[in-house]
*Asks:* 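Okay, here's the structure, questions in a sec.
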Number of protein chains: 2
Amino acid sequence: MHDWAEFRHFRYLLAILEKQGFRAAAEELHTSQPNLSVQARRFQENASIKLFRKTRDGRIRATQTGEAFIQLAQSLLEMRHEVIDALIAIERGEISTIRLGSTPLVDGELFRSFCSMHRTILPMAAVRPTHGDRAQLVEEVLASQVDAAVVTLPLKDPRIHVEELRRDRLVVCLRKDHPLASKAALQPSDLQDNLAILYHPQRHPDAHHRLLELLAEAGVLVEAYSRASHPSEMQMLVREGYGFALVREGTPLDDALTTRPIAGVDWTVDTAVIYHRQWRPKTVPLLIRRFKKLQSTQSSEIFPRRQEAFLGGSIPVLDSLPNGPSKAPV
Amino acid sequence: MHDWAEFRHFRYLLAILEKQGFRAAAEELHTSQPNLSVQARRFQENASIKLFRKTRDGRIRATQTGEAFIQLAQSLLEMRHEVIDALIAIERGEISTIRLGSTPLVDGELFRSFCSMHRTILPMAAVRPTHGDRAQLVEEVLASQVDAAVVTLPLKDPRIHVEELRRDRLVVCLRKDHPLASKAALQPSDLQDNLAILYHPQRHPDAHHRLLELLAEAGVLVEAYSRASHPSEMQMLVREGYGFALVREGTPLDDALTTRPIAGVDWTVDTAVIYHRQWRPKTVPLLIRRFKKLQSTQSSEIFPRRQEAFLGGSIPVLDSLPNGPSKAPV
DNA sequence: CCTGTCCAATACTTTGTATTTATTGGGTGA
DNA sequence: TCACCCAATAAATACAAAGTATTGGACAGG
């Protein structure tokens, strides 16, 4: 059924619709305009559908069916690509299991989608995610006990390849009712006596030193501070009034807390994938490439960026209430 | 990118692997055996993969890669079919509005994203979501008054196609201050006199019977029980001290309530999309496909089933909390 | 050991069609 | 009107798929 439709047709028509013209599409596809003309006609006749109309000025405008075609053809071609990639990887014996790690400082959501991304490439491969301290994870990457890890920078080790995934602004986390919360942005000097909560130095020494450097450059001297061994603890300490903390922008926050940018500086939290330079498992670069691609295409507004969903602290109860029993075991 | 691979190749190789022989496959495909021979070789050379080996008696046996190929090629061809069907239907204007239904037992969040996903395929089509009882919805699906519905299993009807979306563990919902709440997990025997709140039997008879069966197998006999006509009512009854209820794991809970798993059993709540086998609305299979894909790339089941995170009844703060500072500007 | 039979693989030819080149026709704007 | 931008058409070409005939290999039975 529908065996007259080959991938070629989807490629061609997709290019025609996207480029809004046969000529431009032909150039992109490295073929001739008349070829597209006849192939496009054949496909549309076979399916008895019309994918585009011509405007007065000779351009191509997708019909409603054409708009749907763009979405569907993209999925179809993408799927072919994934299928073949998967088959090649399976052939190479890279199926067994892939071990991925992340540190507490990394956005859990990012790590989770990074892990699950592997399934879109290799549905049959098992993924084993692990969590651990930075130092420990680096050790395991070097020992090939994990294939790749998502960590925060900086990291300098000649044996390790670093591929940056995301860069988030570093903002101040403070109580909503703090006087300084009325300002739209804080000055570095505002931190001087208020910044009193840092991530535990031993958990990520490089980041700690770098942060102290940056603060010093901005004229902020941090003397005594509370140590948090987990990001959630930082929020708790801020809430309890022990001072400000620095968190990644966009972080879901406790009800009583808010964040403010720091004026005049450009401090960021950089999240990256690391893997062993030599013993790199071959799927990892592919995985990263695909992840970055999804990230860049997803941030365009097809799916609203999950943002504040949890920010309010309360769950949308009414519509996601408990569901009763239904069925049972395998 | 992989443009040498056409649908033809997938069809051919699929037939070869399934029929376990070139000759038989050639017959099925109405083509010649040598043709398959060369096409199969080309594809495998291009992808540098080997999909089958020959046994002693001259037959064809799929390699591990070949086994994966069968699955993947089937999906690919099925998707082509769905895409073209959908396009034809759209062209004919059969998709002006799509009517989707869900039952109270279904996660509202899931249903909502399922509905909104239809926009990515057909932006102009209106989506009309409806809510109703299971029996009523099944009736409407059969009568083509709704195009598809998200319901909980079990469901047996030869005229209806069932596609599972999610499987959640069934856990006990009880008051935080109940003595048994101190245990990490409950024994089935703990339910004996405590389980006293069930979803209304008439609202979903199949699930009710199945649940009683399961309970009986575990040695639990439920005699008198309160009936809740809506999941939110179940929580209220538990809160008021009328007994335990069974809810889907991960359910947002009332402050005073908590949940505990049941040791030794593997009971689940299965959520599925259903639609009419014959009168299948053309966009629905694609919708489901896309939904599943998004589901697998966003929230994965790879992760340890979010155990304790939700158990307290509070939001899963621990794993989606803020991350501290690390590095700095360019 | 030979031989008949099942296969798939190979060699070669034929057919089909995708593609190219060259051209026409149809709008638009100067 | 002309020139210029398109896509559509026609005819020629090229290339790949499908067909035909054959070979080669692996058994099983005599």
Side-chain angles (χ1 to χ4, degrees), chain A residues 2-63 65-66 69-70 73 77 80 84, chain B residues 1-63 65-66 69-70 73 77 80:
Chain A
H2 300 311
D3 287 339
W4 43 265
E6 289 291 355
F7 276 113
R8 182 166 15 98
H9 300 113
F10 290 95
R11 276 202 303 137
Y12 289 179
L13 275 160
L14 184 59
I16 291 170
L17 293 177
E18 284 184 336
K19 284 271 188 286
Q20 301 191 333
F22 284 59
R23 201 168 280 286
E27 197 170 335
E28 166 152 314
L29 295 167
H30 305 293
T31 184
S32 64
Q33 169 265 313
N35 182 30
L36 293 190
S37 191
V38 52
Q39 294 298 325
R41 182 160 47 80
R42 287 247 174 86
F43 181 89
Q44 293 179 98
E45 279 173 2
N46 277 321
S48 37
I49 60 181
K50 285 196 278 289
L51 294 178
F52 52 83
R53 274 189 275 275
K54 283 168 213 155
T55 60
R56 302 259 161 188
D57 61 342
R59 286 220 156 179
I60 296 296
R61 186 170 53 90
T63 62
T65 314
F69 179 92
I70 293 175
L77 291 166
R80 171 179 70 171
I84 294 177
Chain B
M1 207 83 95
H2 299 313
D3 286 339
W4 43 264
E6 289 291 353
F7 276 113
R8 182 165 13 96
H9 300 111
F10 290 95
R11 277 202 302 137
Y12 290 178
L13 275 160
L14 185 60
I16 291 170
L17 293 177
E18 284 183 336
K19 284 269 186 290
Q20 301 190 332
F22 284 60
R23 211 166 208 52
E27 196 170 337
E28 165 154 316
L29 295 167
H30 306 295
T31 184
S32 64
Q33 169 264 314
N35 183 30
L36 292 191
S37 191
V38 52
Q39 294 297 327
R41 182 160 47 81
R42 287 249 175 85
F43 181 90
Q44 294 179 97
E45 278 173 3
N46 276 321
S48 34
I49 59 180
K50 283 195 278 288
L51 294 177
F52 53 82
R53 275 188 277 274
K54 283 167 213 158
T55 60
R56 300 251 157 187
D57 60 343
R59 285 220 158 176
I60 295 296
R61 186 170 52 91
T63 62
T65 314
F69 178 92
I70 293 174
L77 291 166
R80 174 180 68 169

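As the structure is a computational prediction, the values presented were derived from the model and not from experiment. All chains are named by letter (A, B, ...) in the order of the sequence lines, taking the proteins before the strands, and each is independently numbered beginning at 1.
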*Asks:* Rounded to the nearest angstrom, tell me the gap between atom CZ in B:Arg61 and atom C1' in C:dC7.
*Replies:*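 My rounded result for the distance is 17 Å.
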*Asks:* Whole angstrom is fine here: how far is it from CG in A:Leu29 over to P in C:dT20?
*Replies:*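 Distance check: A:Leu29 CG to C:dT20 P gives 10 Å.
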*Asks:* Over how many whole Å does the gap from A:Phe52 atom CZ to D:dC6 atom P extend?
*Replies:*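 So the CZ-P distance, A:Phe52 to D:dC6, works out to 16 Å.
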*Asks:* Below 30° counts as parallel, above 60° as perpendicular, anything between as tilted: where do the rings of B:Phe7 and A:Phe10 land?
*Replies:*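 Ring orientation of B:Phe7 relative to A:Phe10: perpendicular.
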*Asks:* With a 4.0 Å limit, can you tell me whether A:Ser37 has a side-chain N or O closer than that to the phosphate oxygens OP1/OP2 of D:dA7?
*Replies:*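 No, outside the criterion.
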*Asks:* Tell me whether the side-chain N/O atoms of B:Arg41 come closer than 4.0 Å to OP1 or OP2 in C:dA8.
*Replies:*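 Looking at the OP1 and OP2 atoms of C:dA8, neither is under 4.0 Å from any side-chain N or O of B:Arg41.
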*Asks:* Could you measure the distance from the OG atom of B:Ser37 to the OH atom of B:Tyr12? Nearest 0.5 Å is fine.
*Replies:*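 So the OG of B:Ser37 and the OH of B:Tyr12 are separated by 13.0 Å.
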*Asks:* Give the rounded distance in Å between these two atoms: CG of A:Asp3 and P of D:dA18.
*Replies:*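 Distance, rounded to whole Å: 11 Å.
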*Asks:* What is the nucleic acid contact for A:Val38, judged by heavy atoms within less than 4.0 Å: base, sugar-phosphate only, or nothing?
*Replies:*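 Base: the residue A:Val38, judged by heavy atoms under 4.0 Å, touches a nucleobase.
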*Asks:* Of the options D:dA7, C:dA8, D:dA18, whose atoms approach the side-chain atoms of B:Arg8 most closely?
*Replies:*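 From the listed options, D:dA18 comes nearest.
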*Asks:* Between B:His30 (NE2) and D:dA18 (P), how many Å, whole number?
*Replies:*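 Atom NE2 in B:His30 sits about 13 Å away from atom P in D:dA18.
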*Asks:* Heavy atoms under 4.0 Å, any strand shown: does A:Tyr12 hit a base, just sugar-phosphate, or nothing?
*Replies:*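 Here A:Tyr12 touches the backbone only, sparing every base.
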*Asks:* Taking only N and O in the side chain of A:Lys54, is any of them less than 4.0 Å away from OP1 or OP2 of D:dA8?
*Replies:*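 Yes, A:Lys54 has a side-chain N/O under 4.0 Å of OP1/OP2 on D:dA8.
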*Asks:* Please state how far atom CZ in B:Phe22 lies from atom C1' in C:dT10, giving the value in whole angstrom units.
*Replies:*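 Checked: the CZ to C1' distance equals 13 Å.
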*Asks:* Looking at A:Arg59, I'd like to know whether one of its side-chain N or O atoms comes within less than 4.0 Å of OP1 or OP2 on D:dA7.
*Replies:*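 Answer no for this pair, as no side-chain N or O of A:Arg59 is under 4.0 Å from OP1 or OP2.
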*Asks:* Can you tell me how far P of C:dA18 sits from CH2 of B:Trp4, to the nearest Å?
*Replies:*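 Nearest whole value for this atom pair: 20 Å.
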*Asks:* Within the pair B:Gln33 and C:dC7, is there a side-chain N or O less than 4.0 Å away from OP1 or OP2?
*Replies:*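 Answer no for this pair, as no side-chain N or O of B:Gln33 is under 4.0 Å from OP1 or OP2.
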*Asks:* For the side chain of B:Pro34, starting at C-beta, report the closest nucleotide among D:dA8, C:dT19, C:dA11.
*Replies:*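 Comparing D:dA8, C:dT19, C:dA11 against the side chain of B:Pro34, the answer is C:dA11.
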*Asks:* Can you name the closest pair of heavy atoms from A:Arg80 and B:Ala5 and give their distance?
*Replies:*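 For A:Arg80 versus B:Ala5, the nearest heavy atoms are NH1-O, 2.6 Å.
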*Asks:* Determine the contact category for B:Thr31: base if any of its heavy atoms lies under 4.0 Å from a base atom, sugar-phosphate if only primed atoms, P, OP1 or OP2 are that close, otherwise nothing.
*Replies:*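 If one applies the 4.0 Å heavy-atom cut-off, B:Thr31 turns out to touch the sugar-phosphate alone, with no base involved.
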*Asks:* If you measure from CZ on A:Phe52 to CG on A:Leu17, what distance do you get to the nearest 0.5 Å?
*Replies:*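 Interatomic distance, A:Phe52 CZ to A:Leu17 CG, rounded to 0.5 Å: 7.0 Å.
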*Asks:* Would you name the heavy atoms of A:Asn35 and A:Thr31 that are closest together and state the gap between them?
*Replies:*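 Closest pair (atom of A:Asn35, atom of A:Thr31, distance): ND2-OG1, 3.0 Å.
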*Asks:* What is the distance, rounded to the nearest whole Å, between atom CD of A:Gln39 and atom P of C:dT17?
*Replies:*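 After rounding, the gap between these two atoms is 11 Å.
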